[in-house]
**Student:** 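Here it is: the structure, laid out below.
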Protein chains: 2
Amino acid sequence: MMRISSSTGLSPRMKAPSGASTGTVTTLGRRAVISREDLVAAALKLVGPNRSVSSLSLREVAREAGIAPNSFYRHFRDMDELAIALIDQAGRSLRTIIGEARHRATEGRSVVRSSVETFMEQLSADEKLLHILLREGNVGSDAFKRAVEQELSFFEDELRVDLVRLAKAHNTAVYEPALVAKAITRLIFAMGATAMDLPHERHAEIAEQMIVMVRMIIVGTQTIAVHGSMPD
Amino acid sequence: MMRISSSTGLSPRMKAPSGASTGTVTTLGRRAVISREDLVAAALKLVGPNRSVSSLSLREVAREAGIAPNSFYRHFRDMDELAIALIDQAGRSLRTIIGEARHRATEGRSVVRSSVETFMEQLSADEKLLHILLREGNVGSDAFKRAVEQELSFFEDELRVDLVRLAKAHNTAVYEPALVAKAITRLIFAMGATAMDLPHERHAEIAEQMIVMVRMIIVGTQTIAVHGSMPD
DNA sequence: CATCTGTCTATACATTTGTATATTATTGTC
DNA sequence: GACAATAATATACAAATGTATAGACAGATG
């Protein structure tokens with residue numbers, strides 16, 4: 001936004017990103033005082049209900065992390081790369097959460113209810129990360145949007161196999177499971193996004209709405225699968 | 001973002017916004033060479049798939065409109081106010097579109113299909129305005145978000161009365177019509193938002209997906225209304 | 001005509017941004 | 001300890017932003 005040809009400017013002495021998650025056994029040269037993860041955490045502290053990732057500036061993040069602006073380039077090519085790292089982390093976090101929900105669900109209670117409630121609990125607790133996944137998929141660079149879209153499709157895939165598995169277990173049918181998974185995912189995410197602006201007291205209410213919505217979709221797909229026709 | 005106390009700084013000689021849409025019969029003083037609408041149009045020219053409203057700068061819009069930066073203050077207090085004017089326009093545009101779809105639908109064809117197809121057609125044709133409504137509800141100021149949310153609830157309300165009316169006409173029942181309307185609205189909007197990044201050739205495909213999704217929800221609510229119970 | 005009133009422009013300033021260049025600091029290896 | 005390699009900083013600069021101040025312009029009214 002500043003320089004006209006900003007997209008072509010690379011960092012001065014860029015190298016490998018300091019052994020991201022690998023142990024970095026041989027440190028030749030000065031020891032890194034800050035890591036990629038620290039920068040991601042600093043960025044995370046800055047985002048909020050009125051602060052989107054795409055509005056963060058490089059200098060702002062560096063300031064929050066307590067390093068000189070130029071040191072940022074040691075770890076990321078630009079803010080866009082940081083944003084994608086943020087999405088990765090958010091996606092990983094979300095998928096483990098839902099994995100938990102899935103395990104918890106097998107212990108007798110309703111799958112839908114337990115999954116939705118886990119989702120909403122995490123929304124309250126871990127706001128920042130989910131913020132990014134839920135709300136910022138539509139703005140930002142193409143790479144950023146692609147990363148969000150990929151996380152969503154991971155989610156959809158897992159949900160789809162779950163739906164098919166559950167249908168078999170309950171001896172019911174599912175019409176177009178892929179589409180059902182997509183509908184549920186998008187709906188839950190959209191509802192979750194708006195829920196973030198609401199006070200926490202209303203989260204339970206939103207969760208109930210979500211549950212009814214999901215059940216309507218599931219009943220719909222089962223009914224269509226049995227009767228084989230759809231209404232106009 | 002610039003000044004620390006920027007939110008308190010008002011425009012130098014601010015007044016009434018030059019008679020927004022009213023005719024401005026009595027022009028005392030110099031004739032206005034530019035209108036609010038011109039600025040809104042200029043802003044609209046600048047937004048795109050990778051350019052959100054909240055990322056536009058005051059100077060940028062003024063440049064596009066061909067006026068001096070300071071002249072902007074004659075019409076809007078700040079960019080936030082412009083953004084809300086944009087939403088108003090987008091919302092009005094969308095509601096007239098759907099009104100058309102509703103009329104068209106009564107002429108025999110499927111209500112769902114005709115509404116969804118009208119929606120998607122407009123998505124292709126009038127991208128910019130719908131962009132704002134579909135994608136930017138989650139970022140930006142509180143006022144901005146509230147404006148988007150209001151447009152969504154207008155939409156929901158109209159859909160809800162339609163659902164009830166149609167159910168009566170077809171002699172079927174609807175379980176929780178308000179929730180059904182909300183689910184359909186959010187789902188269509190979320191799907192529409194992702195569709196905007198896709199090439200136009202795939203829009204028809206997305207429309208078909210939307211139609212199936214909506215029908216699943218409708219069949220679901222009808223089935224639940226009849227049987228009176230929901231699955232786990 | 002002069003005057004008043006509202007619209008628009010010109011200039012200016014402090015601030016922030018991204019990043020280029022050069023320098024310092026700290027580590028492992030010989 | 002000298003050396004090389006790497007991390008981090010300091011300084012600097014051009015661009016851009018929001019906006020304060022002051023003046024120029026144009027039309028209505030006296």
Side-chain angles (χ1 to χ4, degrees), chain A residues 1-20 24-36 38-39 42-43 46 51 54-83 141, chain B residues 1-20 24-36 38-39 42-43 46 51 54-83 141:
Chain A
M1 197 205 282
M2 292 290 119
R3 286 290 165 78
I4 292 168
S5 60
S6 73
S7 64
T8 62
L10 291 189
S11 63
R13 276 171 284 174
M14 189 74 181
K15 210 215 33 162
S18 87
T24 323
V25 188
T26 53
T27 34
L28 190 57
R30 187 173 174 173
R31 226 181 18 218
V33 66
I34 215 172
S35 65
R36 276 171 74 97
D38 292 330
L39 279 171
L46 291 169
R51 211 62 218 289
S54 49
S55 81
L56 294 181
S57 77
L58 182 152
R59 284 181 109 108
E60 223 172 345
V61 174
R63 217 176 301 137
E64 180 68 36
I67 60 169
N70 265 325
S71 299
F72 182 94
Y73 296 120
R74 292 273 144 207
H75 308 284
F76 298 100
R77 177 191 305 269
D78 51 27
M79 279 299 297
D80 228 70
E81 210 172 270
L82 206 203
S141 71
Chain B
M1 198 203 283
M2 292 290 121
R3 289 289 165 78
I4 294 168
S5 59
S6 73
S7 64
T8 62
L10 292 188
S11 62
R13 276 172 284 174
M14 189 73 181
K15 210 214 31 159
S18 87
T24 321
V25 187
T26 52
T27 32
L28 191 57
R30 189 173 174 175
R31 228 179 17 219
V33 66
I34 216 172
S35 66
R36 277 171 75 97
D38 292 331
L39 279 172
L46 291 170
R51 213 60 219 290
S54 49
S55 80
L56 294 181
S57 76
L58 181 152
R59 284 182 110 107
E60 222 173 344
V61 174
R63 215 178 302 137
E64 180 68 35
I67 59 170
N70 265 325
S71 299
F72 182 93
Y73 294 120
R74 293 277 142 204
H75 307 283
F76 297 100
R77 179 191 305 269
D78 50 26
M79 279 299 296
D80 228 70
E81 212 173 88
L82 206 202
S141 72

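Numbered from 1 within each chain, the chains take letters A, B, ... in sequence-line order.
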**Student:** Does a side-chain heavy-atom distance below 4.5 Å link B:Arg36 with B:Arg74?
**Tutor:**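 No, too far: nothing below the 4.5 Å cut-off.
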**Student:** Does C:dT26 have its OP1 or OP2 closer than 4.0 Å to a side-chain nitrogen or oxygen of A:Arg31?
**Tutor:**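 Answer is no, no contact under 4.0 Å.
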**Student:** Can you find a heavy atom in the side chain of B:Leu58 that is under 4.5 Å from one in the side chain of B:Tyr73?
**Tutor:**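 Yes. Closest side-chain heavy atoms under 4.5 Å.
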**Student:** With a 3.5 Å cut-off and heavy atoms only, can you find an N or O donor on one side and an acceptor on the other between the side chain of B:Arg59 and the base of D:dG18?
**Tutor:**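 Per atom types, the contact qualifies.
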**Student:** Are A:His75 and D:dA7 close enough that a side-chain N or O sits under 4.0 Å from OP1 or OP2?
**Tutor:**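 No, because none of the side-chain N or O atoms of A:His75 sits under 4.0 Å from OP1 or OP2 of D:dA7.
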**Student:** Please determine whether any donor N or O and acceptor N or O are separated by less than 3.5 Å between the side chain of A:Asn70 and the base of C:dT21.
**Tutor:**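 Such a pair is found, so the answer is yes.
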**Student:** Strictly under 3.5 Å: I want the nitrogen or oxygen pairs between protein and nucleotides 3-5 of chain C, one per line.
**Tutor:**
none

**Student:** From the set C:dG18, C:dT7, C:dT17, return the single nucleotide nearest to any side-chain atom of B:Arg74.
**Tutor:**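 My answer, after comparing the listed nucleotides, is C:dT7.
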**Student:** Excluding sequence neighbours, so at least two apart, what forms side-chain contact (heavy atoms from CB on, under 4.5 Å) with A:Ala65?
**Tutor:**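 Scan of A:Ala65 (side-chain contact (heavy atoms from CB on, under 4.5 Å), adjacent residues dropped) gives A:Ile34, A:Leu39, A:Ala42, A:Ile67.
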**Student:** Report yes if a side-chain nitrogen or oxygen of A:Arg63 is closer than 4.0 Å to either non-bridging phosphate oxygen (OP1 or OP2) of C:dG18; otherwise report no.
**Tutor:**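 Checking A:Arg63 against C:dG18: no side-chain N or O falls below 4.0 Å of OP1 or OP2.
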**Student:** Does A:Ser57 put a side-chain nitrogen or oxygen below 4.0 Å from OP1 or OP2 of C:dT17?
**Tutor:**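 Checking A:Ser57 against C:dT17: at least one side-chain N or O falls below 4.0 Å of OP1 or OP2.
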**Student:** On DNA chain D, check which nucleotide each of A:Ile67 and B:Met79 is closest to and give me the residue with the more 5' one.
**Tutor:**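 Residue closer to the 5' terminus by nearest nucleotide: A:Ile67.
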**Student:** Which atoms form the tightest heavy-atom contact between A:Ala43 and A:Leu82, and what is the distance?
**Tutor:**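 So the minimum-distance heavy-atom pair works out to CB-CD1, 3.9 Å.
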**Student:** Run the salt-bridge test on A:Arg59 and A:Glu64 with the 4.0 Å N-O cut-off and return the result as yes or no.
**Tutor:**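 So A:Arg59 does not pair with A:Glu64 through a salt bridge.
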